[in-house]
Amino acid sequence: MTINEKINKIVATIPLGKLSTYGDIAKAIGMRSSARYVGWVLNSGKGKSEIPAHRVVNRNGELTGKMHFPTPNYMREMLEAEGVAFIGDSGDMKIHRWSPEEVK
DNA sequence: CGGGTGACTTTAC
DNA sequence: CGTAAAGCCACCC
């Protein structure tokens, strides 16, 4: 099981209507300082598996990865449809933050 | 083995 | 508030 697969698995585990951060995910898989790699994996895994990358945001709840979607509104639309509260252009991390469990 | 890359994070100006 | 740079680690070639 490569880190790449772990990331895909964890992201796929994020509950509907919940949000997680690159940092938390990276930490859960044992890479607390390589959050950027998480995003890279999502980019590699997109199209192959149904990875809800729109539920992964930066530590402030900002949709930093929106520019990698077909349209800038895609993430926002999906999250709102799932019941995620928004504060401006960021998700409400106080309510929807989800911490993945460590996977080995 | 080494260089390139990344959707982050933090610090600094 | 905005931009810049460094640190970070695993994958790919």
Side-chain angles (χ1 to χ4, degrees):
Chain A
M1 172 88 63
T2 64
I3 299 296
N4 197 308
E5 293 173 321
K6 288 183 183 177
I7 294 176
N8 281 305
K9 192 159 191 165
I10 288 182
V11 174
T13 305
I14 300 176
L16 190 84
K18 290 288 182 180
L19 296 175
S20 190
T21 72
Y22 295 97
D24 282 348
I25 293 174
K27 184 176 181 180
I29 63 178
M31 292 192 311
R32 7 181 211 179
S33 308
S34 297
R36 10 162 91 186
Y37 184 72
V38 175
W40 184 56
V41 172
L42 295 180
N43 216 358
S44 302
K46 73 177 181 182
K48 291 186 176 183
S49 302
E50 295 181 17
I51 304 172
H54 55 273
R55 295 188 195 138
V56 185
V57 297
N58 72 357
R59 78 190 198 96
N60 293 321
E62 297 171 17
L63 310 184
T64 52
K66 67 183 179 186
M67 64 172 96
H68 291 273
F69 283 85
T71 65
N73 297 344
Y74 188 82
M75 289 184 82
R76 175 81 178 254
E77 304 267 333
M78 287 292 280
L79 294 175
E80 289 186 323
E82 294 175 358
V84 176
F86 269 77
I87 300 176
D89 289 332
S90 303
D92 191 335
M93 300 306 282
K94 296 175 186 172
I95 302 175
H96 303 290
R97 186 169 191 172
W98 179 79
S99 299
E101 295 181 10
E102 189 167 347
V103 177
K104 301 177 184 175

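The sequence lines fix the lettering, A, B, ..., with proteins before strands; numbering per chain opens at 1.
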Could you go over nucleotides 10-13 of chain B and give all protein N or O partners under 3.5 Å, atom names and distances?
{"from": "B/dT10", "atom 1": "OP2", "to": "A/R59", "atom 2": "NE", "distance (Å)": "2.4"}
{"from": "B/dT10", "atom 1": "OP2", "to": "A/R59", "atom 2": "NH2", "distance (Å)": "3.1"}

What are the atom names and distances for every N/O pair under 3.5 Å that joins the protein to nucleotides 10-13 of chain C?
{"from": "C/dC11", "atom 1": "OP1", "to": "A/I3", "atom 2": "N", "distance (Å)": "3.3"}
{"from": "C/dC11", "atom 1": "O4'", "to": "A/Y37", "atom 2": "OH", "distance (Å)": "2.6"}

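A 4.5 Å side-chain heavy-atom check between A/T64 and A/Y22 finds at least one atom pair inside the cut-off.
With A/E5 contributing its side chain and A/T2 its backbone, the two residues share a donor-acceptor pair below 3.5 Å. Formation of a donor-acceptor pair under 3.5 Å by the A/R55 side chain with backbone atoms of A/I14 is found in this model.
Judged as a side chain to side chain donor-acceptor pair (under 3.5 Å), and not counting sequence neighbours, A/N58 has no contacts. Contacts of A/T21 classified as side chain to side chain donor-acceptor pair (under 3.5 Å), with partners at least two apart in sequence or in another chain: A/D24. Residues passing the side chain to side chain contact (heavy atoms under 4.5 Å, CB included) test with A/P72, sequence neighbours excluded: none.
Atom CZ of A/R32 is separated from atom P of B/dT9 by 15 Å (rounded to the nearest Å). Between the CD atom of A/E62 and the P atom of C/dG2 there is a distance of 11 Å, given to the nearest Å. One interatomic measurement links the two molecules: CZ of A/R36 to P of B/dC8, which rounds to 8 Å at whole-angstrom precision. Rounded to whole Å, the distance from CD1 on A/I7 to C1' on B/dC8 is 12 Å. A straight line from CE of A/M93 to C1' of B/dT9 spans 14 Å, rounded to a whole angstrom. When rounded to the nearest whole Å, the span between CG of A/N58 and P of B/dA7 equals 13 Å.
If you check every strand for non-hydrogen atoms under 4.0 Å, A/A26 touches nothing.
Put simply, A/T21 has no side-chain N or O that comes within less than 4.0 Å of OP1 or OP2 on B/dC8.
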Can you give the donor-acceptor pairs under 3.5 Å from side chains of residues 85-95 of chain A to other protein atoms, not counting sequence neighbours?
{"from": "A/D89", "atom 1": "OD1", "to": "A/R76", "atom 2": "NH1", "distance (Å)": "3.3"}
{"from": "A/D92", "atom 1": "OD1", "to": "A/K94", "atom 2": "N", "distance (Å)": "3.1"}

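By the criterion of side-chain heavy atoms lying less than 4.5 angstrom apart, applied directly or through intervening Ile, Leu, Val, Met, Phe, Trp or Tyr residues, A/L42 is not grouped with A/M75; the two fall into different hydrophobic clusters.
At most 12 non-hydrogen atoms from other residues, nucleotides or ligands lie less than 6.0 angstrom from OH of A/Y74.
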